[in-house]
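The structure under discussion appears below in the form of C-alpha cells.
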Amino acid sequence: MFEFWKQPKFWLAAVLVLWLAYILGSNLEQPVTIHVVPWLLQPYLKVSTIVISSAIVGAALTLGIQFMWRRGRSSKNASQSTAASGASSSTVA
C-alpha cells in the first residue's frame, strides 16, 4: 500500500514542493513592480496576489479547455459509437 515511498519520483516531487513552498513563503509579502506601460502604468503587487490570481486564472482556463474538449469529442464519438455497436453485435455468433 505504501509503495510510493520507495519511488524516486515521489522524493523528487516532495523536494520540489517543499522548495517552492519555502520560496513562496519567504517572498510572500514583498512587492513586485509590474511594468504594463513604461513610465505610465507600473503597479506594485504583492507576490501573494500574483500567485493567487495565477492559480485562479489557470484553474478557470483548465476547466474551460476541458469543457470545450469534451463537448467537441462527445458529439463526434456519439454517432460513431452507436453505429459501431450495432454493426459489431450482428457479427458476433
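- Both L20 and Y22 belong to a single network of hydrophobic side chains, linked directly or stepwise wherever heavy atoms of I, L, V, M, F, W or Y lie under 4.5 Å apart.
- Under the 4.5 Å side-chain contact rule for hydrophobic residues, L41 and L45 share a cluster.
- Residues P43 and V36 form a side-chain contact, since some pair of their non-hydrogen atoms from C-beta on lies under 4.5 Å apart.
- Listed here is the closest heavy atom pair of Q42 and T33: CB-CG2, 4.1 Å.
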Return all side-chain donor-acceptor pairs below 3.5 angstrom for residues 50-65, not counting sequence neighbours, or 'none' if the list is empty.
unit_1: S53; atom_1: OG; unit_2: T49; atom_2: O; d: 2.8
unit_1: S53; atom_1: OG; unit_2: I50; atom_2: O; d: 3.1
unit_1: S54; atom_1: OG; unit_2: I50; atom_2: O; d: 2.7
unit_1: T62; atom_1: OG1; unit_2: G58; atom_2: O; d: 2.7

